[in-house]
Amino acid sequence: MKPTRILFVCLGNICRSPLAEGVMRAVAERAGHGDAILVDSAGTGDWHVGDPPDRRSIAIAKAYGIDIANFRGRQVAAADFDAFDMVLGMDGRNVCDLRERMPAAAHKVHLFMEYAMDRDDDVPDPYYEAEEAFERLYQMLEAGCSSLLAKLGRAS
Ligand code: 4NP
């Protein structure tokens with residue numbers, strides 16, 4: 001069966017979406033469903049193109065056995081809306097920006113927590129927050145990714 005192709009998108013592609021990418025891959029692999037998905041991440045902005053993830057995202061991922069240190073930031077591109085089955089924005093602003101950028105593919109764009117967990121919640125931007133925010137971010141992403149994996153299983 002063809003894997004479901006998922007693109008996680010935030011603003012900078014250094015804090016939330018690379019962590020979501022790493023967590024989603026780990027959750028799927030640990031459940032024995034690594035082949036069921038293809039994941040990537042990108043930012044709506046271009047400030048961090050080519051940069052590694054924020055050190056706090058690298059550290060929290062590492063604490064949970066996930067290595068995202070080699071990821072590099074990139075900006076979402078028009079081709080992504082063809083290349084992925086779903087484009088999941090971390091917050092409402094990401095979702096608006098994505099739909100505005102590619103109105104024809106608006107049906108592929110969803111708010112991550114809403115799509116994954118039926119919860120109308122943003123994954124808050126932790127960039128200007130203290131270290132603790134990254135533990136909360138990790139827990140939120142793990143819950144969301146686990147729920148998303150279960151949802152994909154039911155859909156197939
Ligand atoms: P992210 O966090 O969208 O989760 O990667 C941010 C990273 C950088 C900036 C904003 C948010 N920034 O303004 O540079």
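Counting starts at 1 for both ligands and their atoms, following the listed order.
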*First locate atom CD1 of I58, then atom CD1 of I14, and finally report the distance between them rounded to the nearest 0.5 Å.*
9.5 Å
_Please say yes or no: joined through hydrophobic side-chain contacts below 4.5 Å, possibly via intermediate residues, are M86 and V76 part of one cluster?_
no
*Quick one: does W47 get an N or O within less than 3.5 Å of an N or O on ligand 1?*
no
_Could you identify the single nearest non-hydrogen protein atom to atom 4 (O) of ligand 1 and state the distance to 0.1 Å?_
R16 NE, 2.7 Å
*Would you check the N or O atoms of I14, main chain and side chain alike, for any that come under 3.5 Å of an N or O of ligand 1?*
yes
*asked:* For atom 10 (C) of ligand 1, what's the nearest protein heavy-atom neighbour? Residue, atom name and distance, please.
replied: L11 CD2, 3.7 Å
_Show the atoms of ligand 1 that are less than 4.0 angstrom away from any heavy atom in C15._
1 (P), 2 (O), 4 (O), 5 (O)
*Determine whether the side chain, the backbone, both or neither of D125 has a heavy atom under 4.0 Å from any heavy atom of ligand 1.*
side chain
*Side chains of D97 and N94: is there a donor and an acceptor less than 3.5 Å apart?*
no
*Would M90 count as a contact of ligand 1 if the rule is a heavy atom under 4.0 Å away?*
no
*R119 side chain to G144 backbone, donor-acceptor under 3.5 Å*: no
*Backbone N/O of F81 and side chain of K108: donor-acceptor pair under 3.5 Å*: yes
_Students often mix this up, so state it plainly: with edges at 30° and 60°, are the rings of F112 and F8 parallel, tilted or perpendicular?_
perpendicular
*Considering the heavy atoms of H48, write down every atom of ligand 1 situated less than 4.0 Å from one of them.*
8 (C), 12 (N), 14 (O)
*Number the atoms of ligand 1 from 1 as they appear, then name those within less than 4.0 Å of a heavy atom of G12, with their elements.*
1 (P), 3 (O), 5 (O)
_So does A143 get a backbone contact from the side chain of S147, meaning a donor-acceptor N/O pair under 3.5 Å?_
no
*Contact atoms of ligand 1, heavy-atom distance to C10 under 4.0 Å*: 1 (P), 3 (O), 4 (O), 5 (O)
*Does any N/O atom on N13 come nearer than 3.5 Å to any N/O atom on ligand 1?*
yes
*Shortest non-hydrogen separation from R56 to E129 and the atoms involved*: NH1-O, 3.0 Å
